[in-house]
Amino acid sequence: MTQHQLVLILDFGGQYNQLIARRVREHNVYCEVKSYKTTLDEIRALAPIGIIFTGGPNSVYDANSPKCDPALFELGIPVLGICYGCQLMAITLGGQVVPAEADTAREFGKTKTFYDAACPLFAGLPAEGISWMSHNDYMAQVPPGFSLPAHTDQCPNAAIADVQRGFYGVQFHPEVNHTENGSQMLRNFLYEVCHAKGDWTMEEFKNTSIQAIREKVGNGQVLLALSGGVDSSVAAALLAEAVGRQLTCVFVDHGLLRKNEGDEVEAAFARWDINLVRVDASARFLGRLAGVSDPETKRKIIGEEFIRVFEAEGKKIGQVDYLVQGTIYPDVIESGLGDAAVIKSHHNVGGLPDYVDFKEIIEPLRQLFKDEVRQLGRELNLPDYLVKRQPFPGPGLAIRIIGEITEDKLALLREADYIFRDEIAKANLEDTMNQYFAVLTNMRSVGVMGDGRTYDYTLALRSVTTTDFMTADWARIPYEVLDKVSVRIVNEVGHINRIVYDITSKPPATIEWE
C-alpha cells in the first residue's frame with residue numbers, strides 16, 4: 001500500500017489518546033498511536049514527520065511515572081506535548097514541574113486563555129479563547145530556550161514553545177471540543193510545523209486497499225460473517241469490490257433484528273456478484289431463549305448459537321483460504337498499548353469455527369476509526385441506512401426486551417423502535433445523537449383507551465450523545481418530537497399504553513438497559 005506521511009502519537013495513559021488521533025486524521029494526516037515504550041530504533045523506522053505526546057494521569061516527577069527516551073528530542077522531529085506530555089517535555093529538557101498550590105496554577109475545566117498569534121502553533125487564532133484544563137501540577141520553570149506563547153489568569157505558562165527546534169507544549173487539551181479553536185491548533189502543528197502534505201484520504205485508502213487485497217488473495221476463497229453492522233458491512237463491500245465471487249458472506253438472521261433489517265442488508269449487497277448466504281435461524285434462537293429472563297444468560301445462549309449456526313454453514317462452503325475480521329483501529333489501540341503483550345490469533349475471532357483451515361485473517365479496516373469506516377462505506381456507495389446505522393448489540397433486540405423474549409414482544413418492540421427512528425429521521429435529528437432506540441420494559445401499568453381500562457406495557461425511549469461510548473449524556477430531544485413518537489406508538493402499536501424517556505447519563509447508567 002501507499003506509504004503515507006506519518007504522525008506518531010506516543011501514549012502515556014491519557015484518556016483522550018484516540019481522540020487526538022481522530023483529530024489528526026480529520027486533517028487528512030495519517031497517524032498511529034504507540035506506547036511510550038516505543039524504542040528509538042522503532043521510531044526511526046517509522047520515520048514520522050511529527051510526534052505528539054498524550055496526556056496521562058501521573059505526575060512527571062514521580063519515579064515510576066512513564067517517561068520517553070530523552071534522545072528522542074535529538075532526532076530532529078517536531079514534538080507537541082499535551083498536558084502530561086507538555087510537562088514531560090519540560091522536565092526532560094531542563095525545566096521543573098511541581099505540585100500546584102490550590103491558589104495558584106491548579107486548573108480544571110473551561111478556562112479563559114490568552115494566545116500569542118506570532119507563535120506558529122497559534123497562527124491565525126483570536127487573541128483569547130476558552131481551553132479545557134485538567135492538571136494538578138505546574139511548570140515552575142520552563143526549559144532553556146522556550147518561550148511562553150499562552151497564559152491564563154492563574155497560569156503564566158499555559159503553553160511553551162521552542163520554535164527553532166519545533167518543540168511545543170500545551171497545558172490544556174486542544175483535542176476536545178471544549179477547547180475553542182483546538183482543532184486549528186493541531187492543524188497548525190501538522191501543517192505549519194511538521195509541513196504535512198495531507199495525503200490521507202478515504203478514496204486513496206479504498207483504491208490501495210482493493211489492490212492490496214487482490215494481490216494477497218489471488219485465486220483464494222474468502223469467508224466473512226456479515227452481521228449487518230457498519231464494520232462488517234463496509235469490510236464486506238471492500239472485499240466484494242476486490243475479489244467478487246471469491247467472497248462468501250454468511251448473514252445469520254437470529255430473529256432478533258430490527259424491522260426490515262435482514263432485507264435491507266441483503267438488498268445492500270445485491271449489486272455485487274458475491275456469494276451471500278442468508279440463514280433464517282430465528283426459530284432455533286427463539287427456542288433456546290424460551291423462558292430465559294436473565295440478560296447474561298441471554299447473551300451466552302445467543303453467542304453460542306451463533307457459533308453453531310456459523311459452523312454448520314461453514315461446513316457447506318468447503319475450503320476457505322482467508323477469513324475477514326472487522327477489527328478497527330480502536331480495537332488495536334485498546335488491546336495493544338498496555339504493559340502486557342496481546343497476541344491476536346484466529347481463535348479469538350467471534351464465531352470462528354475451529355475446523356476452518358485458512359491461511360490468514362484479513363483485517364481491512366484495522367487502520368480506521370469508526371468515522372473513517374463510515375467515510376469508506378460512502379466511497380463504496382453503500383446505502384446510508386447501513387453507513388449511518390445505529391450501534392446495535394450482537395444479541396439484538398433480546399437485550400432490549402426486559403425479561404422473557406417472545407415473538408409477540410419482538411413484534412411490539414420492532415414497530416415501536418421503527419416509529420422512534422422514523423420520527424428522528426423526519427425531524428433531521430439523526431446527526432445530533434449517537435445512539436437511540438426503544439426498550440420494551442417488563443412493567444405493566446393501568447391506562448385508559450377508548451373509555452376503557454387497559455393494563456399494558458411501558459416502553460422506554462433512550463437516546464445519547466457521546467464521542468467514545470465510554471461516557472455518554474442523554475440527548476435533549478425536542479418535546480414536540482417526543483410527543484409525535486409517543487402518539488404514534490400508542491396509536492399504531494398495540495399493548496403499549498405508557499411511554500417514558502430515559503434521562504440518565506453514563507455513568508451512572510449504561511447506554512443499553514441490559
Side-chain angles (χ1 to χ4, degrees), residues 1-4 30 201-253 262 265-279 281 306-329 331-332 343-368 372-373 375-383 386-387:
M1 296 180 67
T2 302
Q3 184 65 43
H4 300 280
Y30 181 65
T201 67
M202 279 305 104
E203 180 181 12
E204 193 272 342
F205 178 84
K206 178 193 73 172
N207 294 335
T208 56
S209 294
I210 288 171
Q211 183 60 35
I213 291 167
R214 286 174 179 162
E215 292 174 1
K216 176 185 289 292
V217 171
N219 296 319
Q221 296 297 310
V222 184
L223 177 64
L224 182 148
L226 178 62
S227 70
V230 176
D231 299 338
S232 71
S233 295
V234 173
L238 188 63
L239 267 294
E241 200 73 35
V243 298
R245 294 291 295 179
Q246 295 165 247
L247 171 67
T248 297
C249 294
V250 177
F251 174 46
V252 178
D253 185 345
V265 170
E266 195 168 4
F269 289 91
R271 74 181 184 88
W272 281 289
D273 186 21
I274 63 173
N275 302 302
L276 177 59
V277 180
R278 180 176 176 178
V279 184
F306 181 86
I307 293 175
R308 299 287 85 83
V309 174
F310 194 73
E311 283 176 344
E313 292 303 317
K315 290 177 181 177
K316 301 174 185 177
I317 295 169
Q319 177 64 35
V320 174
D321 300 293
Y322 298 91
L323 186 129
V324 179
Q325 182 175 338
T327 305
I328 62 175
Y329 199 46
D331 303 330
V332 177
I343 305 300
K344 182 181 288 292
S345 55
H346 69 254
H347 67 267
N348 77 335
V349 180
L352 175 61
D354 56 12
Y355 64 83
V356 174
D357 181 17
F358 60 91
K359 297 177 183 177
E360 191 177 337
I361 291 175
I362 297 176
E363 297 175 312
L365 310 179
R366 67 178 285 115
Q367 291 179 288
L368 305 183
E372 293 175 313
V373 174
Q375 291 176 35
L376 178 58
R378 295 185 182 96
E379 287 288 337
L380 291 161
N381 295 316
L382 277 173
L386 278 186
V387 172

- Minimum heavy-atom distance between Gln367 and Tyr30, given as atom pair plus value: NE2-OH, 3.0 Å
- Note on the structure: Heavy atoms of Val217 and Ile362 approach each other most closely as CG2-CD1, 3.7 Å
- Note on the structure: Shortest non-hydrogen pair, Ala240 vs Ile274, comes out as CB-CG2, 3.5 Å
- Pairing residues for Phe269 by the ring-ring contact (aromatic ring centres under 6.0 Å, His included) criterion, not counting sequence neighbours: Trp272
- Task: For the residue pair Gln325 and Thr327, confirm or rule out a side-chain donor-acceptor distance under 3.5 Å.
- Result: yes
- Query: Going by heavy atoms in the side chains, are Val250 and Leu223 under 4.5 Å from each other?
  - Reply: yes
- Message: Listing request: all salt bridge (charged side-chain N to carboxylate O under 4.0 Å, His left out) pairs with a residue in residues 216-240, at least two apart in sequence or in separate chains.
- Response: Lys216-Glu360, Asp231-Lys370
- Item | Flag, side chain of Thr208 to backbone of Phe205, donor-acceptor distance under 3.5 Å | yes
- Task: Determine whether His4 and Glu204 make a side-chain contact, defined as any pair of heavy atoms from C-beta on separated by less than 4.5 Å.
- Result: yes
- Partner set under side-chain hydrogen bond (donor to acceptor under 3.5 Å, both in side chains) for Ser227, not counting sequence neighbours: Ser232
- Note: Gly228 and Leu386 closest approach over all heavy atoms is O-CD2, 3.5 Å
- Note on the structure: Residues passing the side chain to side chain contact (heavy atoms under 4.5 Å, CB included) test with Lys206, sequence neighbours excluded, are Ile210, Leu238, Leu376, Glu379, Leu380
- Considering all heavy atoms of both residues, which atom of Asn219 and which atom of Gln246 are nearest to each other, and what is their separation? C-NE2, 3.4 Å
- Query: Which value, rounded to the nearest 0.5 Å, describes the distance between Thr248 atom OG1 and Leu224 atom CG?
  - Reply: 10.0 Å
- Task: Can you see which heavy atom on Val324 is nearest to which on Pro364, and at what distance?
- Result: CG1-CD, 3.9 Å
- Can you list the residues that meet the side chain to side chain contact (heavy atoms under 4.5 Å, CB included) rule with Arg245, with sequence neighbours excluded? Asp273, Asn275
- Message: What I'd like to find out is whether the side chain of Glu372 reaches to under 4.5 Å of the side chain of Ile328, using heavy atoms alone.
- Response: no
- Item | Residues which pass salt bridge (charged side-chain N to carboxylate O under 4.0 Å, His left out) with Arg271, listed by chain and number, not counting sequence neighbours | none
- Message: Is there a side-chain contact between Val234 and Leu368 in this structure, where contact means two heavy atoms from C-beta onward sitting under 4.5 Å apart?
- Response: no
